[in-house]
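Structure first, commentary second.
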Amino acid sequence: QLQASGGGLVQAGGSLRLSCAVSGSGSSIVRMGWYRQATEIPREFVADVTIGGSPNYADSVKGRFTISRDNTTVYLQMNSLRPEDTAVYYCSTLSALRYRSWGQGTLVTVSS
């Protein structure tokens, strides 16, 4: 199970930190990350991190967002937020058997 939190309303240029608690998946997870979906736009990749700690970022968030993890939680520190970052953010895990799990989503709204 994935439980995301930390969304909210912030002004452009501000920061938010998202957290996603992961439970029940044991040692089979190979990647933990974040996707987002804005209104009428398909869900898109934001960032993920391998179990070994290697991060990957979408070009649109490089230099502004930082992903990190510990044994049970994946975090997304979002700085210099822009109105175009407004979306529902979903945490996700990928297992060694290529099965993807999704959290319930947390809304991030960036006002201009």
Side-chain angles (χ1 to χ4, degrees):
Q1 292 186 347
L2 308 179
Q3 184 68 40
S5 61
L9 173 65
V10 64
Q11 289 188 334
S15 299
L16 282 174
R17 189 191 195 207
L18 306 183
S19 301
C20 179
V22 179
S23 62
S25 299
S27 60
S28 65
I29 294 174
V30 295
R31 285 183 180 271
M32 305 167 72
W34 294 90
Y35 288 70
R36 67 187 181 187
Q37 186 166 18
T39 303
E40 299 183 355
I41 295 176
R43 190 172 298 187
E44 64 177 3
F45 170 78
V46 176
D48 70 7
V49 59
T50 67
I51 240 19
S54 297
N56 300 283
Y57 297 96
D59 288 343
S60 59
V61 307
K62 281 180 182 176
R64 301 187 299 122
F65 291 10
T66 303
I67 191 169
S68 60
R69 55 168 288 275
D70 58 28
N71 286 342
T72 60
T73 306
V74 59
Y75 305 93
L76 187 68
Q77 177 66 43
M78 304 185 294
N79 298 328
S80 302
L81 282 161
R82 304 167 179 168
E84 55 264 40
D85 294 318
T86 295
V88 177
Y89 284 70
Y90 297 90
C91 60
S92 178
T93 60
L94 185 68
S95 76
L97 296 177
R98 318 309 291 176
Y99 178 79
R100 185 169 292 281
S101 298
W102 296 96
Q104 84 284 9
T106 184
L107 177 63
V108 172
T109 303
V110 184
S111 63
S112 56

Connecting only ILVMFWY residues whose side-chain heavy atoms lie within less than 4.5 Å of each other, what is the rest of I41's hydrophobic cluster?
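Grouped by the 4.5 Å side-chain rule, I41 forms a cluster of one, so the answer is none.
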Should V61 and V10 be counted in the same cluster of Ile, Leu, Val, Met, Phe, Trp and Tyr side chains packed under 4.5 Å apart?
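They do share one cluster, since a chain of ILVMFWY contacts under 4.5 Å joins V61 to V10.
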Path from W34 to I29 over hydrophobic side-chain contacts below 4.5 Å
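Yes, W34 connects to I29 through the hydrophobic network.
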Side chain to side chain donor-acceptor pair (under 3.5 Å) partners for T86, two or more places apart
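Counting only residues at least two positions away or on another chain, T86 forms no side chain to side chain donor-acceptor pair (under 3.5 Å).
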What residues form a side chain to side chain donor-acceptor pair (under 3.5 Å) with R82, not counting sequence neighbours?
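Applying side chain to side chain donor-acceptor pair (under 3.5 Å) to R82 gives none.
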Measure the CG-CG distance between L16 and D85 for me, rounded to the nearest 0.5 Å.
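If I round to the nearest 0.5 Å, the distance is 10.0 Å.
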Kindly compute the distance separating CG (L18) from SG (C91), expressed to the nearest 0.5 Å.
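Interatomic distance, L18 CG to C91 SG, rounded to 0.5 Å: 9.0 Å.
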Kindly state each residue pair satisfying disulfide bond (SG atoms under 2.5 Å apart) with at least one member in residues 46-84, sequence neighbours excluded.
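Checked against disulfide bond (SG atoms under 2.5 Å apart) - neighbours excluded - no pair reaches residues 46-84.
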Less than 3.5 Å apart, which donor and acceptor atoms pair up between the side chains of residues 105-112 and the rest of the protein, not counting sequence neighbours?
residue : atom : partner : partner atom : Å
T106    : OG1  : G7      : N            : 3.1

Which class fits the ring pair F45 and Y35: parallel under 30°, tilted 30 to 60°, perpendicular over 60°?
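If you compare the ring of F45 with that of Y35, the planes turn out perpendicular.
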Does [Y] offer a backbone N or O that forms a donor-acceptor pair with the side chain of [X] under 3.5 Å?
{"X": "S92", "Y": "S101", "answer": "yes"}
{"X": "R64", "Y": "S80", "answer": "yes"}
{"X": "R69", "Y": "I51", "answer": "yes"}
{"X": "Y90", "Y": "R43", "answer": "no"}
{"X": "Q104", "Y": "A4", "answer": "yes"}

Contact check, side chains of [X] and [Y], non-hydrogen atoms, under 4.5 Å:
{"X": "N56", "Y": "R31", "result": "yes"}
{"X": "I67", "Y": "P55", "result": "yes"}
{"X": "Q77", "Y": "S15", "result": "yes"}
{"X": "V46", "Y": "Y57", "result": "no"}

Sequence neighbours excluded, which residues qualify as ring-ring contact (aromatic ring centres under 6.0 Å, His included) partners of Y99?
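So Y99 forms no ring-ring contact (aromatic ring centres under 6.0 Å, His included) with any residue.
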Start with the C-alpha gap between M32 and V22, add the side-chain angles, then the distance that decides, and say whether side-chain contact (heavy atoms from CB on, under 4.5 Å) holds.
CA-CA 9 Å; M32 305 167 72; V22 179; 3.5 Å; yes
A cation-pi test, strictly: NZ or CZ of R17 under 6.0 Å from the centre of the six-membered ring of Y75 and no more than 45 degrees from its axis. Yes or no?
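Relative to the ring axis of Y75, which defines the angle, R17 lies inside both limits.
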Go through L81 and N79 one step at a time and tell me if the side-chain contact (heavy atoms from CB on, under 4.5 Å) criterion holds.
CA-CA 5 Å; L81 282 161; N79 298 328; over 6 Å; no
Trace of the side-chain contact (heavy atoms from CB on, under 4.5 Å) decision for M78 with T66:
CA-CA 7 Å; M78 304 185 294; T66 303; over 6 Å; no
